[in-house]
Amino acid sequence: MKIAIAGTGYVGLVTGICLAEIGHEVVCVDKNQKKIELLKLGIPPFYENGLEGLLKKNHNILFTSDFKTAYKEAEIIFIAVETPENVDGSANLTYVYEVSNEITENLQSDCSIVLKSTVPVGTSDEVERFMKKNVSNNINIEVLSNPEFLSQGTAIRDTMEASRIIIGANSQEAANLLKQIYAPFNRPFVITSRTSAEMIKYASNDFLALKISFINDIANLCELVGADIGEVTHGMSFDDRIGTKFLNAGIGYGGSCFPKDTKSLHWLSKDRGYELRTVRAAIEVNELQKTRLIQKAKKQFSSFNGIKVTVLGLTFKPGTDDLREAPSINNIDILLGEGAIVEVYDPVGMDNVKKIYSNKVTYAKTPEIALQDSEVCFIFTEWDQIKQIEPSQFKKLMKSPNVYDGRNCYRRSDMIDSGINYNSIGRP
Ligand code: UDX
Ligand code: UDX
């Protein structure tokens, strides 16, 4: 089966390499020629665990910017371009339509089009209408919805060992084609209508976002009543209706999915005259949570002007170099706005941080260098390299050991016993 994938971002590239790994012939297409040049050399354009190894060893995958040839010969095309949010929170489908147009202009035989990008409910129907109108008369196309559930940092495992493969199709025949492609993964299939498939994606991500905002809300209350969020979630988790996952309190969710997927579904619900109030609450709690730690620190430092501040951990979560919607950015902007002297450390995200802050902050090679002579330390990502810092190091290296930990990386008693003024989330 000749497969083409439009977009070599986190989703497109990981999907492509995993399909190649199970023996399909895959062509990955991207308009960004720099990315394509890197990929041809076997170099991933972003950090993702295990990706480089697979790229170097796999011979079933090709990379090109020549979309005309790639689409002309494809039997099945996955669309995995970005769907960023518009200012009003709705999803921007410009790139999806750009690619749909390129496909219809070049297709020379029947083809199945698979929408992998997260798109508003109803988009598969609209894209199919658009493509059928523009494609040559004698060519049959059918659009399928096949949302991704890969989490950055574990994206390859999440694809190869997917909890489920959702296939939204208007015909059994089209669904069977995708089932056949994915069969070697040996994962459960869920076949639905296209609109249900699109909704499954949003409902899943928004439910997880809601879970995080709920626990952050409870954590904030724990601080006021003297309870410990760690003990509370541990106690809750024995009920397997609640479970253990996505109950880590912190400074809120970031990344390329939850922030935009909550806003997009909320926008859609309002547009249809039924506002999703739970999703609105998840968004509002998250917005406040992102700067909650700095608001706490402001009780101690009326201004950060001229103060050396260390920031440990910048990516939106560990295991990725991605800074999209990372809470660290909101906080660094506030610190710089107040005239703080900011030194940052992240084990893999530094190159991307440099693109944002250039010479406005100092970049440390190790957490120890970043902590030297600092008066306040903020922790925004729970990287192992950060969790492994001995509490005594903060005391030894910092000018005054004020630590604001946004991911509850340390045992509170260890930090306090080491003489640190330690503040975290949801703990007395
Ligand atoms: C994905 C999904 O597609 C998005 O809907 C989901 O909600 C989050 O994850 P992601 O893989 O993270 O997006 O996107 P990104 O890393 O921005 O990559 C998209 C790629 O598509 C880029 O390399 C871009 O150059 C390429 N592209 C975009 C094209 O090749 N052609 C276009 O017309 C537009
Ligand atoms: C998410 C989905 O999990 C995945 O299925 C897919 O649809 C894409 O979007 P991703 O954004 O890569 O994956 O990361 P995820 O692990 O879900 O974390 C998202 C954010 O939530 C991170 O900022 C993380 O720090 C935060 N988070 C997660 C918490 O604050 N607490 C938790 O308990 C879990």
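Counting starts at 1 for both ligands and their atoms, in listed order.
Residue-ligand proximity, V11 to ligand 1, at heavy-atom distances under 4.0 Å covers atoms 1 (C), 2 (C), 9 (O), 11 (O). Residue N32 has at least one heavy-atom neighbour below 4.0 Å for each of these atoms of ligand 1: 25 (O). Those atoms of ligand 2 with a heavy atom of L247 less than 4.0 angstrom away are 33 (O). Applying the 4.0 Å criterion to heavy atoms of Y95 picks out, from ligand 1, the atoms 34 (C). Remark: ligand 1 atoms within the under-4.0 Å shell around heavy atoms of S117 are 3 (O), 5 (O). Those atoms of ligand 1 that come under 4.0 Å of a heavy atom in G7, given as number and element, are 20 (C), 21 (O), 26 (C). Using a 4.0 Å cut-off to heavy atoms of E148, the atoms of ligand 1 that qualify are 6 (C). When each atom of ligand 2 is checked for a heavy atom of K201 under 4.0 Å away, the hits are 7 (O). Using a 4.0 Å cut-off to heavy atoms of K35, the atoms of ligand 1 that qualify are 22 (C), 23 (O).
Put simply, no part of K116 is less than 4.0 Å from ligand 1, judged by heavy atoms. The shortest heavy-atom distance from G254 to ligand 2 is under 4.0 Å. Residue R324 places a heavy atom under 4.0 Å from ligand 1. For the pair C257 and ligand 1, a heavy-atom separation below 4.0 Å is found.
Looking only at heavy atoms of the protein, atom 12 (O) of ligand 2 is closest to Q152 N, 2.7 Å. Nearest non-hydrogen protein atom to atom 17 (O) of ligand 1 is E82 CB, 3.6 Å. Scanning the protein for heavy atoms near atom 16 (O) of ligand 1, the closest one is G9 CA, 3.3 Å. Ranking protein heavy atoms by distance to atom 13 (O) of ligand 2, first place goes to S151 OG, 3.4 Å. Closest to atom 25 (O) of ligand 1 among all protein heavy atoms lies D30 OD1, 2.6 Å. Residue, atom and distance of the protein heavy atom nearest to atom 30 (O) of ligand 2 are R407 NH1, 3.3 Å. Summary of contacts: the protein heavy atom closest to atom 27 (N) of ligand 1 is V81 CG1, 3.6 Å. With respect to atom 22 (C) of ligand 2, the closest heavy atom belonging to the protein is F316 O, 3.5 Å. If you check which protein heavy atom lies closest to atom 33 (O) of ligand 1, you get E98 OE2, 3.0 Å. Nearest protein heavy-atom neighbour of atom 14 (O) of ligand 2: K317 NZ, 3.0 Å.
The closest heavy-atom contact to atom 4 (C) of ligand 2, among the options T320, L150, N216, comes from L150. Distances from atom 26 (C) of ligand 2 to the heavy atoms of F258, F246, F149, Y253 show the closest one on Y253. Evaluated by nearest non-hydrogen atom to atom 28 (C) of ligand 2, the leading choice among I215, I212, I425 is I212.
With F78 as the partner, the side-chain contact (heavy atoms from CB on, under 4.5 Å) test is satisfied by one option alone out of L144, L178, L115: L178. Only one option out of Y410, F378, Y422 pairs with Y404 in a ring pair (Phe, Tyr, Trp, His ring centres under 6.0 Å); it is F378.
Within the 4.0 Å heavy-atom criterion, neither part of K211 lies near ligand 2. Residue contacts with ligand 1 for E102 are absent, since no atom lies close enough (heavy atoms, distance under 4.0 Å). Heavy atoms of N248 found under 4.0 angstrom from ligand 2 belong to the backbone as well as the side chain. Contacts between K245 and ligand 2 below 4.0 angstrom, taking non-hydrogen atoms only, are absent altogether.
Side-chain atoms of L268 and S90, non-hydrogen and from C-beta on, never get closer than 4.5 Å to each other. The shortest distance between side-chain heavy atoms of Y253 and K211 does not fall below 4.5 Å. Counting heavy atoms from C-beta on, the side chains of N331 and L293 never come closer than 4.5 Å.
I43 and L55 get closest at one heavy-atom pair: C-CD1, 4.3 Å. In terms of heavy atoms, V285 sits closest to S213 at CG1-O, 3.5 Å. Shown here for R194 and V143, the closest heavy-atom pair between the two residues is NH1-O, 2.9 Å.
No donor-acceptor distance shorter than 3.5 angstrom exists from the side chain of S136 to the backbone of I139, with no hydrogens or angles considered. In this structure a side-chain-to-backbone donor-acceptor pair under 3.5 Å is missing from T291 to I294. Put simply, the side chain of E75 gets close to the backbone of K2: a donor and an acceptor are under 3.5 Å apart. Side-chain N or O atoms of S256 include none that pairs as donor or acceptor with a backbone N or O of R324 at under 3.5 Å.
Geometrically, R187 does not engage Y182 in a cation-pi contact defined by less than 6.0 Å to the ring centre and at most 45° from the axis. Taking the centre and axis of the six-membered ring of Y363, the NZ or CZ atom of K354 falls inside the cone set by 45° and 6.0 Å.
An N or O contact shorter than 3.5 Å links K260 to ligand 1 by distance. The shortest N or O to N or O distance between Y10 and ligand 1 is below 3.5 Å. The distance criterion of under 3.5 Å between nitrogen or oxygen atoms is not met by S256 with respect to ligand 1.
Aromatic pair F258/F316: ring centres not closer than 6.0 Å.
For the pair E148 and K201, the salt-bridge criterion is met [side-chain N within less than 4.0 Å of a carboxylate O]. No salt bridge links E284 with R277; every basic N to acidic carboxylate O contact stays at or beyond 4.0 Å. Note on K290 versus E287: salt bridge recorded, some NZ/NE/NH1/NH2 to OD/OE distance being below 4.0 Å. Looking at K31 and E102, no side-chain N of the basic residue comes within less than 4.0 Å of a carboxylate O on the acidic one, giving no salt bridge.
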